[in-house]
Amino acid sequence: MVQVTPLLLVLSLALVAPSLSTRKCVLTGRWINDLGSNMTISNLNEKGEFSGSYHTAVTATTNKIQVSPLQGSQHNINENSQPTFGFTVNWSFSESITVFTGQCFVDENGREILKTMWLLRSSVDNSRDDWKATRVGINIFRRLSSRK
């Protein structure tokens with residue numbers, strides 16, 4: 001019986017260890033995407049709602065780029081899953097709005113990333129021009145480390 005106990009201990013650790021090493025991605029914080037745009041996401045409330053700001057590095061307008069507000073929500077998740085989320089950016093400098101949806105991950109190197117897909121809707125003058133009013137794309141965001 002004494003020899004079985006170490007074997008059971010090793011088997012138990014082998015089963016539990018993967019769940020201990022899985023780090024959950026946290027949406028709150030500062031992020032930068034592959035185009036150089038950055039955003040800040042505030043703390044989530046008890047319903048999973050959040051707000052923040054978005055500073056884009058790219059635009060199709062000639063207007064001066066301004067920091068724009070974002071509003072979103074994170075799906076209520078269990079402790080073992082990586083969170084899904086969505087948010088809307090109401091651009092302060094153009095007549096357009098963008099919705100993002102995505103998931104927060106911890107990659108194989110232990111870094112947090114956001115994989116997103118977006119739809120940008122621009123205002124057009126009439127329904128005949130509706131075909132050119134929506135753009136779609138993807139972005140990957142990486143956490144900006146805080147400076148000390």
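Side chains included, hydrogens not; waters and symmetry mates left out as well; all remaining heavy atoms used.
Asn33 and Tyr54 form a side-chain donor-acceptor contact under 3.5 Å, judged by distance and modelled atom types alone.
By the criterion of side-chain heavy atoms lying less than 4.5 angstrom apart, applied directly or through intervening Ile, Leu, Val, Met, Phe, Trp or Tyr residues, Ile140 is not grouped with Ile138; the two fall into different hydrophobic clusters. Under the 4.5 Å side-chain heavy-atom criterion for Ile, Leu, Val, Met, Phe, Trp and Tyr, Trp91 and Val58 are members of distinct hydrophobic clusters.
With hydrogens and angles ignored, the 3.5 Å screen pairs a side-chain donor or acceptor of Thr116 with a backbone N or O of Asn139. At least one donor-acceptor pair under 3.5 Å links the side chain of Ser37 to the backbone N or O of Ala57. Proximity of a side-chain donor or acceptor of Asn126 to a complementary backbone N or O of Asp129 within less than 3.5 Å is detected. Side chain of Trp31 to main chain of Leu27: a donor-acceptor pair is present (N/O by atom type, distance under 3.5 Å, no hydrogens or angles). A donor-acceptor contact shorter than 3.5 Å links the side chain of Ser68 to the backbone of Ser92. Judged by distance alone, the side chain of Gln103 and the main-chain N or O of Lys115 form no donor-acceptor pair under 3.5 Å.
In this structure, Phe100 and Val89 have side chains that are in contact, with non-hydrogen atoms separated by less than 4.5 Å.
Counting heavy-atom neighbours within 6.0 Å of Leu35 CG, excluding the residue itself, gives a total above 12. Other residues, nucleotides and ligands contribute over 12 non-hydrogen atoms within 6.0 Å of the CD atom of Gln66.
Taking all atoms of both residues into account, the shortest heavy-atom contact from Thr40 to Leu70 is O-CD2, 4.3 Å. When all heavy atoms are compared, the tightest approach of Thr28 to Ser42 is OG1-O, 3.4 Å. Nearest heavy atom pair, residue Phe93 against residue Lys64, reads CB-O, 3.3 Å. Between Cys25 and Ile113, the shortest heavy-atom contact is SG-O, 4.1 Å. Minimum heavy-atom separation, Pro83 to Lys24: CD-CG, 4.5 Å. Residues Thr56 and Ile65 come closest through the heavy atom pair O-CG2, 3.4 Å.
Residues satisfying the salt bridge (Lys or Arg N to Asp or Glu O under 4.0 Å) test with Asp107, not counting sequence neighbours, are Arg111. Residues meeting the side chain to side chain donor-acceptor pair (under 3.5 Å) test with Thr134, sequence neighbours left out: Arg121.
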Start with the C-alpha gap between Met39 and Phe141, add the side-chain angles, then the distance that decides, and say whether side chain to side chain contact (heavy atoms under 4.5 Å, CB included) holds.
CA-CA 9 Å; Met39 69 176 168; Phe141 291 83; 3.8 Å; yes
Taking it one step at a time, do Cys104 and Gln82 satisfy side chain to side chain contact (heavy atoms under 4.5 Å, CB included)?
CA-CA 6 Å; Cys104 191; Gln82 301 298 337; 5.5 Å; no
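For the atom pair OG of Ser73 and NZ of Lys47, the computed distance is 11.0 Å after rounding to the nearest 0.5 Å. Interatomic distance, OG of Ser123 versus CD1 of Ile97, reported as 12.0 Å (0.5 Å rounding). Of the inter-residue distances, the one linking Ile32 atom CD1 with Arg143 atom CZ reads 13.5 Å to the nearest 0.5 angstrom. To the nearest 0.5 Å, atoms CZ (Phe105) and CD (Glu112) are separated by 12.5 Å. Atom CD of Gln71 and atom CD of Glu49 lie 8.5 Å apart (nearest 0.5 Å).
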